[in-house]
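Input: a single structure, listed below in structure tokens.
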Amino acid sequence: MSELLNEHEYIELPTTKKLMGRCRREVVAARIKLASDRSLTDECRVALWSLVDSREWFLKMVAKDYAA
């Protein structure tokens with residue numbers, strides 16, 4: 001993955017843009033569910049926070065300026 005991210009054009013690929021959009025939507029949906037659904041079990045909360053953390057990590061990695 002890091003080799004692909006080192007390519008400056010990687011962020012401009014259509015597939016990367018789709019993945020980034022999907023990650024953003026999943027983060028928003030998970031945060032809304034965490035904020036609004038009081039009936040979530042602890043297991044569900046942990047799973048949703050794991051999803052948020054992993055998607056935000058991916059977005060940070062893709063957005064990182066490797067040229068600098």
Side-chain angles (χ1 to χ4, degrees):
M1 173 120 173
S2 61
E3 289 178 25
L4 289 173
L5 292 173
N6 280 326
E7 296 179 20
H8 305 293
E9 296 83 27
Y10 182 74
I11 198 166
E12 297 300 322
L13 295 174
T15 305
T16 306
K17 288 183 178 187
K18 285 181 186 177
L19 280 172
M20 290 173 67
R22 184 174 185 171
C23 284
R24 287 185 183 111
R25 286 189 299 277
E26 289 177 354
V27 167
V28 169
R31 286 184 178 274
I32 289 171
K33 190 163 186 119
L34 284 162
S36 63
D37 190 347
R38 299 294 177 211
S39 65
L40 289 174
T41 64
D42 288 341
E43 186 176 285
C44 286
R45 287 188 183 285
V46 168
L48 287 169
W49 279 116
S50 293
L51 183 137
V52 168
D53 290 342
S54 63
R55 299 314 187 261
E56 286 181 346
W57 174 85
F58 173 78
L59 291 168
K60 286 177 189 172
M61 290 298 294
V62 171
K64 188 173 182 178
D65 183 9
Y66 284 92

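Bear in mind the structure is a predicted one, so any value in this text is a computation, not a measurement.
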For this session: Apply salt bridge (charged side-chain N to carboxylate O under 4.0 Å, His left out) to the pair E26 and R22, showing each step before the final yes or no.
Result: CA-CA 6 Å; E26 289 177 354; R22 184 174 185 171; 3.2 Å; yes

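Neither W57 nor L51 shares a network with the other; the hydrophobic side chains, linked directly or stepwise wherever heavy atoms of I, L, V, M, F, W or Y lie under 4.5 Å apart, form separate groups for each. V52 and V46 end up in different hydrophobic clusters when Ile, Leu, Val, Met, Phe, Trp and Tyr side chains are linked at under 4.5 Å.
Between R38 and R45, the shortest heavy-atom distance links the atoms CA-NH2, 4.0 Å.
You'll find the side chain of M20 reaches within 4.5 Å of the side chain of T16, heavy atoms only.
In this structure, the separation between CG on L19 and CZ on R55 is 9.5 Å, given to the nearest 0.5 Å.
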